[in-house]
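Here is the structure we will look at, set down as structure tokens.
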Amino acid sequence: MALTFIHTSDWHLGFTYRRLGARAQESYQLRFDAVNRLFDLAREHAAQFIVVAGDVFHTSSPSQEVQRQAAELLRAAPCPIYLIPGNHDPHISGGAWQNSAFANALDGHQFVHLLLEAKSLQIADGQAELFPCPLTQRDVTTDPTAWIPSTGDSSIFRIGLAHGQWQGYFGPMEKTASHQINPERANLCHLDYLALGDYHSYTPANHDAAARRTYYSGTPEVTARDETRSGHALLVKIEAPGAIPNVTPIAVGTLQLCHWGKVLLSAGEAQQELENRAAAIENLAQTIVGGSLSGFISQAELDWVFAWQNEFAGNVAGLDLDIDALQAEPTSADFETLELGSAERQVWEMLQDSIDANELSNDANAETIASWSDENDVRREARKLFYQLLSS
Amino acid sequence: MIIKTIELENWRGTPHFYCELDNGLNVICGPNEAGKSTLVEALHWALFQDIVGSGKIKGAIDSIIPAFAPLELPTVKVLLDFPNCKAQVTKRLSADAPGRECRLVIQRENEPDEHYEQSRAQELLWLLMSNDGVTQNGQNGLAPDGNILFSEQGKSTFYVDQDISAIVRSALSDKPAIDGAGDISLSPRLEKVRTRLQKLRGDQLGTKLKSPITDGALKKCEAAAWRDQLNELNSNIEKQQLLLQTIAEDRRLISQLEPAITESRGKQKVLFETLQSQAAQREDQQNADKLVSEKTLFHASAATAKDQLQTRVQNIDSQRAIAANAQKKIQTNQPILDAAREKVKALQAAMEDAEKHRELCLERNKEKLYTVDAWRSWIEVKEKQTLKNRAQKLYDRLQELEKTWKTAQEDLPAPDKIIQLTRLSNWRERYRDIETEEKQLHNHLRFDIKLESATKISWRADEDEIESKDLPADEAFNIRGKSTFDVKLNGIGRIKVSSRADKAIQNDERGIVQKWQTLQREMAKYGCEDLPLPAGFEILEKRAEEHSQLQRIADDAKSHWQNTVANSDFTDEIRNIDDTKNVLSVAYQHLQETNKDWENAKEDALPYKDFYPDGATPTIAKEALRAATAQRSESEKSVLEAERDYKQKAKQFHEEKDQATKLESDLRSETEKIAHAENELRQLCDDNLTDAVRKELLKERTDAWILADADLKNVTAARAKLGEAISGEYLQQQQSLLQNLQKDIANMENELSACRARLQLQTQEDPENALEEMLFQRDELTAKLAKEETRLRGMVLLQTVLEAQRLRFGDSIAEPLNARLSPWLSTLRGKSTSVEFDASGKRLIGVQTKDAHGHYRLNFEAHSGGMQEQAALLVRLIYLQMTSSHLPSGRLPVILDDPLTHTDNTRRTGLIKVLLEAAQSLQILYISCHEEHLADMANARRIEVPAAIGE
């Protein structure tokens, strides 16, 4: 008989997406909304149970309010739900998982199972065996899935539930991390499915991990601008023990990410470029726009960008744009319009390039100041100021 | 660039004007409004204004078109001289742009003229000009532009107001002007920027720079507040991190405490139960111990009763046996003792006899020894006497020989004066050699003869025989003589004679004299200097023989001495037999010693003086000694025998005596034993029991003891089964261990609950989230500060660059300015003037003047406008001179339209002198209406401008 369940993780309840600025506070509530939507999804697809692969909370000691809200949220679960602690919310003394407002409120609940021990349990009316791998500290140096026995009853489904980094997930060049999961774990332990949490984007079907029955579900609601596939949960269907799982990502997040990457603006085109990009976004109110702007534009344009940014931030769900690299700089053409003589021009020319300390020898700090002139940013500031003072 | 000719047609009020210009000073004069300024204007149009296609100048052109010929086009033609070519530029103005014309003809040597029109002509003209350092608008850094080359009439303060610095500076790029305050300044705009910047920096940073710069920001600066915020944030972050560490620590503690408490509780339970069972066991052990000790006591008393009686019975038996045994021994040994006593008596008598005999022998031997000693000492006295006499004899002999040897030595002359025969024969030989050599020298007057033809030659040298010889031509030979020389030549020929009475001979002579002197000196050393030689050698021979005789005598004396010493008894003691004194003292000492020995021997023999028989001689003495010695050895033998006999008898006596004594003592001890045993028996039998009764009693007591012993063994075995004794102390220890464990558990529980309470309190507000918030804020603030840092650095950089530029401008101009300005000002003012620059050389601060009234100094800014404009004009000329020296043509045209309007006539005369000087490297067009002062301009070209039409 087929098994149907929802795989989710990294709820990060209590997290606030601070880079969203004025709208940061809304992002807190959106995370709860996403889980609610996920419950709707479970009902809709008649999921037999839900697995949550760690990082339910953003921190190990979430506030009482967060705990209360989280408990309330879980009490609305439509089917059995199995949760393990992850590296953000490890099961530790004084944590949320035991003797806490959260745990106490859920004590004895028919559906909610806080799995704090590495001990297998029968679920789905004995149709499957679940192997939970809870984390008990932030930095784990060993493979949390190592305990899963390699043999067992092959007539029922074997499901792994863990939190950590699947070794080699980002290819052979990735940096080694502390709690690495053996990439062959699902095969070694004859798991039908290994549900993982930690990465915030879900595992696409063509990924090496998917080929090994191992999936990250990603976070149900976006947390950072560089997440490519967040805001989803995975609907998992397995026809029979040993069959290839059928995994479908389903959107549950309120927000969508629109990541512009690095945008290089040039003078005279900044406004057009940004307006075009903004216009291309479909659901503006639900979109977090991320990216960084760089380049040199006129002061007037820069002023416009500032104003645009303020206005745009009000129209989108979140604006996570880094504009530090965007600079206003008077061009030589600007300078020419001031119709100045060669003395001014000479100063202007000096500010184009590194200045030797000898040329500033009248100053006690000549060496230091000359070394500043090696930085184009400093020279640009000097040129800007010079231009301002000359033109005012 | 030089302006060669100017031609105007229909330009304002001038229908036509043409003039040629000199390379140097050109004075253009004419009445007011004659059109002098028009000329300047036309020239400026021609050279610098773009008339082609420019709409801007329409209004200006309207006013140029003359009223008297409104349909004619105003035209200006200028011929310019460049280093490689000449250029004729013609500009024709028209009210409408398409009607205007610009033409340029370039003439190069040996090449056809090039003609250009309109914008191409305009461009090429400016290209030519800029190639020679004149630009239209000063874009080329070093070149002056039109503005500095032209000055406008009527702008009397032109050179002292702010514009001049701009004009001069822009014309000469980095060359500043002096302003009214004497400052050598940048351009006014740059100065304005500099001032504002100074204030800006002062407001925000002050003068000192810190790193990072925002650290040094003043309170007014926004960054200062940010920096404070950042510091506070950092400290909060630190606190928060500490808090998180505390939390982690608490968690670690809890995770340790919980299992520890569980473990301790388990331990507590085990310990408690063990303690209970051990206490019960201890009670059993104590009871058993008590029983054992009771039984032990009973067992001991039974044993004692039995043992005491048994001992008594045994002792009685043994004392009886001892007494019987002693009695038996006494009976056996008494007769043996009596026999021994008899034997001792006999042995004692024998020993006493032997002793007496030994005394007698000793007495006899003493007598024999006396005789031997007496004769021995007599012989020794005689021997010592003989030795002493020999020593006396040797000493006397040595004394005598010493005297002889000394006398012989005294007779002998000093060793270095002794003439030996060998030495004498050496002198003789040397004397003969010298004589021979001297003789030969006389023959050394040599004549070299060479005949030029073959001939016979005869000659006589000194008193010698005549000699002759046939000589072939050209053969040379020589003859020797002493002083005179006759030569006869037979036949025809010439002889060439040369003598050699020369230096060589002189040298030889000197050699002989030296040898002679050496010989004489040597002989003088031996006291033979006054003897006539060679006769004297005979005397010396006798003397030598005499010396050798004396030498022999001395040698004999020495040899005698040496022999005597060598044969003496003490040669070993003498190290150096030549040292008579030493030898004599040794001999004397020897004599003394032998004498002393003799005296000692005599003294030793004194006790025997009455012993010797009359007429004793050494032979008798020796014989007597031999006899006495033999007798003595006999006597000694009998002494030894007597001694041996006595010792043997004494030994036998003592042995026998000791044996008897021992036997006696043994018998006494046996008697004592009997007494002792009897005494003991009396005590042992004081119970008044019979032996039979005692035996019965002993049997009873033995049975009682056997029973008690079996009893004791039973209870001891029962105790052993209860195991090793558990001490009360051990139980107390365990008890206190248990208490400690309970205390530890209580402590841990307290700690655990405190930890939990603390953790709950500390985690209530989600500290990780709070830290994340702070870190986020810090990142934002740090980025903001970094940006501000860059901005402030930019500001400081700009300000520093401006200050540096300003100083550099001053540096480059101050020195040449100073060198030229003072002489020119003196010339212009007609009195000795020198300008002063400040210490940095960048600011004109004062003017010193020397005239009929004396020597005085005024600050530059205190001077009149006239003086200031004069200084400014001269500065301008100096700049232009300096600039023109770098140009290809080396010369620039300068058009001065009545430059010094504030200046009196005297100064104008001075000005002309300065202009003449400046004209050595500048082409100057000086325009003035003050003709009366231009009288003595012999070296200048004068150009009259006729009055304009219609003006």
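The basis for the numbers below is simple: all heavy atoms, side chains too, and nothing from hydrogens, waters or symmetry mates. Since the model is a prediction, treat every value here as computed from it, not as a measurement. Numbered from 1 within each chain, the chains take letters A, B, ... in sequence-line order.
- Once rounded to the nearest 0.5 Å, the distance linking CZ of B:R252 with CD of A:Q137 reads 12.5 Å.
- Formation of a donor-acceptor pair under 3.5 Å by the B:R793 side chain with backbone atoms of A:V378 is not found in this model.
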### Message
Between A:W372 and B:T790, is the side chain to side chain contact (heavy atoms under 4.5 Å, CB included) condition met? List the steps.
### Response
CA-CA 9 Å; A:W372 295 347; B:T790 309; over 6 Å; no
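- Other residues, nucleotides and ligands contribute over 12 non-hydrogen atoms within 6.0 Å of the CD atom of A:Q352.
- Looking only at side-chain heavy atoms (C-beta outward), B:L197 and A:L385 come within less than 4.5 Å of each other.
- The 12-atom threshold is not exceeded at CD of B:Q760, counting heavy atoms of other residues, nucleotides or ligands nearer than 6.0 Å.
- Between A:R18 and B:E772, at least one side-chain nitrogen of the basic residue sits less than 4.0 Å from a carboxylate oxygen of the acidic one, meeting the salt-bridge criterion.
- Closest of all the heavy-atom pairs between B:R251 and A:S61 is NH2-OG, 2.7 Å.
- When each of A:H58, A:E65, A:H88 is checked for heavy-atom pairs under 4.5 Å with chain B, A:H58 comes out on top.
- In this structure the side chain of B:L759 reaches within 4.5 angstrom of the side chain of A:S93, judged on heavy atoms.
- For the atom pair CG of A:L351 and CG of B:L802, the computed distance is 8.0 Å after rounding to the nearest 0.5 Å.
- Heavy atoms of B:A783 lying under 4.5 Å from chain A belong exclusively to its side chain.
- The contact between A:F15 and chain B is made entirely by side chain atoms (from C-beta outward), counting heavy-atom distances below 4.5 Å.
- Around CD of B:E258, the count of heavy atoms belonging to other residues, nucleotides or ligands within 6.0 Å exceeds 12.
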### Message
Quick one, B:I254 with A:I92, criterion side chain to side chain contact (heavy atoms under 4.5 Å, CB included). Give me CA distance, side-chain angles, the key distance, then yes/no.
### Response
CA-CA 9 Å; B:I254 289 169; A:I92 44 178; over 6 Å; no
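- With rounding to the nearest 0.5 angstrom, the CG atom of A:L389 is 10.5 Å from the NZ atom of B:K192.
- Here the closest heavy-atom approach between residue A:A382 and residue B:L798 is recorded as O-CD2, 3.6 Å.
- In this structure, no portion of A:Q388 lies under 4.5 Å from any heavy atom of chain B.
- The CZ atom of A:R380 sits 13.0 Å away from the CG atom of B:L797 when rounded to the nearest 0.5 Å.
- Only the side chain of B:R196 has a heavy atom closer than 4.5 Å to any heavy atom of chain A.
- The pair A:E381-B:K787 does not count as a salt bridge, with every side-chain nitrogen at least 4.0 angstrom from each carboxylate oxygen.
- With a 4.5 angstrom heavy-atom cutoff, B:E773 touches chain A via backbone and side-chain atoms both.
- With values rounded to the nearest 0.5 angstrom, B:L244 atom CG is found 8.0 Å from A:S60 atom OG.
- Within a 6.0 Å sphere centred on CD of A:E367, heavy atoms belonging to other residues, nucleotides or ligands number 12 at most.
- Separation of atoms CZ (B:R791) and CG (A:D377) is listed at 14.0 Å; rounding is to 0.5 Å.
- The shortest non-hydrogen separation linking B:D766 to A:S63 is CB-N, 3.8 Å.
- Only the side chain of B:L200 comes within contact range of chain A, with heavy atoms under 4.5 Å apart.
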